[in-house]
Student: 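Okay, handing you the structure first.
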Amino acid sequence: MILPILAYGDPILKKKAVPIDRDHPGLEELINNMWETMYNAQGVGLAAPQVGHSIRLFIIDANPFAEDHPELKDFKKVFINAEIIAETGKEWLFNEGCLSFPELREDINRKPTIVMRYQDENFEPHEETFSGMAARIIQHEYDHIDGILMVDRISALKRRLIRKKLTNISKGVVNPGYLMKFPLKKR
Ligand code: NI
């Protein structure tokens with residue numbers, strides 16, 4: 001089932017999400033619905049808070065980037081209770097998008113290498129190092145489970161310049177091409 005993706009301005013997106021265990025009700029169905037929702041929106045990542053669940057869960061399928069980044073071929077993973085334990089290297093800029101911000105892209109600075117602990121969909125624990133574009137996508141989704149958004153990582157000046165655009169996103173004055181829920185939309 002395709003779930004509505006929450007647009008910027010929804011308070012759930014700003015909350016720090018909580019860890020879950022394997023008994024979390026409806027978890028398997030939620031993960032299935034998140035895959036369907038993400039593919040329908042042509043995203044490479046989706047975090048549970050973006051579909052209204054403030055839990056530490058996100059999914060990534062980076063295959064659309066595999067042409068330019070061969071290491072991302074078959075990079076399809078579920079991340080539960082993820083914890084970044086180290087971030088190293090010299091920050092680099094990349095023009096990011098986010099399903100909660102249709103029609104907006106921003107240059108975001110992030111470090112190139114991370115070490116992360118997480119559990120997969122079977123609650124098997126992993127500790128892995130990710131670099132480059134894989135790290136970049138993970139860092140973006142990881143921010144979501146900490147209640148941090150793209151616009152929190154740009155300068156105050158830049159944020160002022162796009163204020164009108166952000167208001168339009170919250171009001172639903174955008175054409176995402178996928179199902180969304182807008183916090184300020186008049187009905
Ligand atoms: Ni996002």
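Both ligands and their constituent atoms are indexed starting at 1 by order of listing. Below, all heavy atoms of this structure are taken into account, side chains as well, without hydrogens, waters or symmetry copies.
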Student: State whether R153 and D143 are salt-bridged, where the test is any N-O pair (Lys NZ or Arg NE/NH1/NH2 against Asp/Glu carboxylate O) under 4.0 Å.
Tutor: yes

Student: Are the side chains of E87 and V115 in contact, using a 4.5 Å heavy-atom criterion?
Tutor: no

Student: When you check the gap from the basic side-chain N to the acidic O, do E96 and R110 get nearer than 4.0 Å?
Tutor: yes

Student: Between the side chains of D152 and R159, is the shortest nitrogen-to-carboxylate-oxygen separation below 4.0 Å, so that they form an ion pair?
Tutor: no

Student: Which atom names give the shortest non-hydrogen contact between A66 and L72, and what distance separates them?
Tutor: CB-C, 4.1 Å

Student: Below 2.8 Å, which protein N, O or S atoms neighbour the Ni ion (ligand 1), ignoring water?
Tutor: C98 SG, H140 NE2, H144 NE2

Student: Just say parallel, tilted or perpendicular for the rings of W92 and F94, cut-offs at 30° and 60°.
Tutor: tilted

